[in-house]
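Below is one structure, written out as structure tokens; comments come after it.
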Number of protein chains: 2
Amino acid sequence: MRHIRVPGIMEVTVSAAHSPAGAETCDVREALDLITDKWSLYIISNLGGGPRRFNELKRVVSGVTQRMLTVSLRRLERDGVIIRTVHELMPPRVSYRLTPLGSSLLQAAAPLIAWSSSHISDIADARASYDRDSSRSVDIA
Amino acid sequence: MRHIRVPGIMEVTVSAAHSPAGAETCDVREALDLITDKWSLYIISNLGGGPRRFNELKRVVSGVTQRMLTVSLRRLERDGVIIRTVHELMPPRVSYRLTPLGSSLLQAAAPLIAWSSSHISDIADARASYDRDSSRSVDIA
DNA sequence: CTGTATCCGGTACGATACTG
DNA sequence: CAGTATCGTACCGGATACAG
């Protein structure tokens, strides 16, 4: 494994040790940006069940527009996460599937996805609580 | 655990079973949006090592502006992920720490963070390769 | 030290129309 | 079916100045 540049970011995986060094340039963002857009995580998770065609994805990734699906798929392809395969048929048929890199990404993202789905109500409650008290009730030490 | 609305999104955690149902409204996004902004994940990961003060975070989260740090912290506080504590001192001292919910989020995100840092070069290679061949060499079945 | 207020630009995203 | 092209906009995030 490569050396990590961002202090604190690896504390998670190793332990809770305090990182003494100052922050330098941040390489990790390059990879993290991969999934900090609106659709990538949903597309990837849907490809986890096997190859999908364009319109299959369009149907199952609720709310995505044709344009954004195309843009997202192109980007994921460029990043080596998915493979685009054109079947020479009429009507045209294009399928997308995860690369090994993509599969490993999906596995890594799975806990976060699971967390999200199981803590939706916690977050909603926290927001409601925050907005209700919105004004005072700050935590004073 | 609650029932999941987005087909495919849970295929990951359970198995690779194909989901038959169509897509409905997407609740998971609500929670996932928590970390699809530019700074939250970095802030949270830095708070994994214990409470931090405002300027500590500002130093260690490289590149963040004062404004965005404030905005991000407020949002995370509203979502119940962190707690803001004001110490009545002069000069003022404010510290931030993870809530139990925040800790669980960090744990869930840890694999993804680790994946990102260990696959930076893979992604860079894929991009270089994609850009080099940019024009044909499509995958024909 | 820990913020808030204001301005402002880039771009992510959506809507719509058109194409091989 | 699987896209492209074009246009419009909301908003994220940076820069800067100011404040308790």
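Source: prediction; values computed, not measured. Every chain is numbered from 1, with letters handed out A, B, ... down the list of sequences.
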### Task
Group every Ile, Leu, Val, Met, Phe, Trp and Tyr by side-chain heavy-atom contacts under 4.5 Å, then state whether B:F54 and B:V86 land in the same group.
yes
### Task
Sequence neighbours left out, what passes salt bridge (Lys or Arg N to Asp or Glu O under 4.0 Å) with A:R78? Give chain and number order.
B:D131
All side chain to side chain contact (heavy atoms under 4.5 Å, CB included) counterparts of [X], not counting sequence neighbours:
X      : value
A:A126 : none
A:N55  : A:K58, A:R59
A:T65  : A:R67, A:M68

### Query
Between the two end axes of the helix from C:dC1-D:dG20 to C:dG20-D:dC1, each built from 5 base pairs, what angle do you get to the nearest 10°?
50°
#### Entry: Pairs meeting criterion ring-ring contact (aromatic ring centres under 6.0 Å, His included) with involvement of residues 97-129 of chain B, two or more places apart
B:W115-B:H119
### Message
Give me each pair satisfying salt bridge (charged side-chain N to carboxylate O under 4.0 Å, His left out) with a member in residues 104-128 of chain B, each pair once, sequence neighbours excluded.
### Response
A:E30-B:R127, A:D79-B:R127
What donor-acceptor contacts under 3.5 angstrom involve side-chain atoms of residues 92-102 of chain A, with partners at least two apart or in another chain?
{"residue": "A:Y96", "atom": "OH", "partner": "A:R84", "partner atom": "NE", "Å": "3.4"}
{"residue": "A:R97", "atom": "NH2", "partner": "B:D139", "partner atom": "OD2", "Å": "3.4"}
{"residue": "A:T99", "atom": "OG1", "partner": "A:G80", "partner atom": "O", "Å": "2.7"}
{"residue": "A:T99", "atom": "OG1", "partner": "A:V81", "partner atom": "O", "Å": "3.1"}
{"residue": "A:T99", "atom": "OG1", "partner": "A:L101", "partner atom": "N", "Å": "3.3"}
{"residue": "A:T99", "atom": "OG1", "partner": "A:G102", "partner atom": "N", "Å": "3.0"}

### Sidechain-backbone polar pair: B:Y42 side chain, B:S62 backbone, donor-acceptor under 3.5 Å
no
### Message
Checking the side chain of A:S72 only, and the main-chain atoms of A:L69 only, is there a donor and an acceptor separated by less than 3.5 Å?
### Response
no
### Query
Side chains of B:L57 and B:L73: does their closest heavy-atom pair fall under 4.5 Å?
yes
### Query
What string of B, S and - do you get for nucleotides 13-20 of chain D, 5' to 3', if B is base contact, S is sugar-phosphate-only contact and - is no contact with any protein heavy atom under 4.0 Å?
BBB----B
### Message
Return whichever of B:R53 or A:R75 has its heavy-atom-nearest nucleotide of DNA chain C closer to the 5' end.
### Response
B:R53
## Note on the structure
Nt span of DNA chain C in reach of chain B heavy atoms at under 4.0 Å, 5' end first, is C:dC1 to C:dT6
### For B:D37, side-chain hydrogen bond (donor to acceptor under 3.5 Å, both in side chains) partners two or more places apart
B:S40
### Message
Let's see if you get this right: which residues in residues 76-91 of chain A place a heavy atom under 4.0 Å from DNA chain C?
### Response
none
## Note on the structure
Scanning both residues in full, the closest heavy-atom pair of B:E56 with B:P51 reads OE1-O, 4.4 Å
### Summary
Separation of D:dA2 atom C1' from A:L57 atom CG, nearest Å, is 12 Å
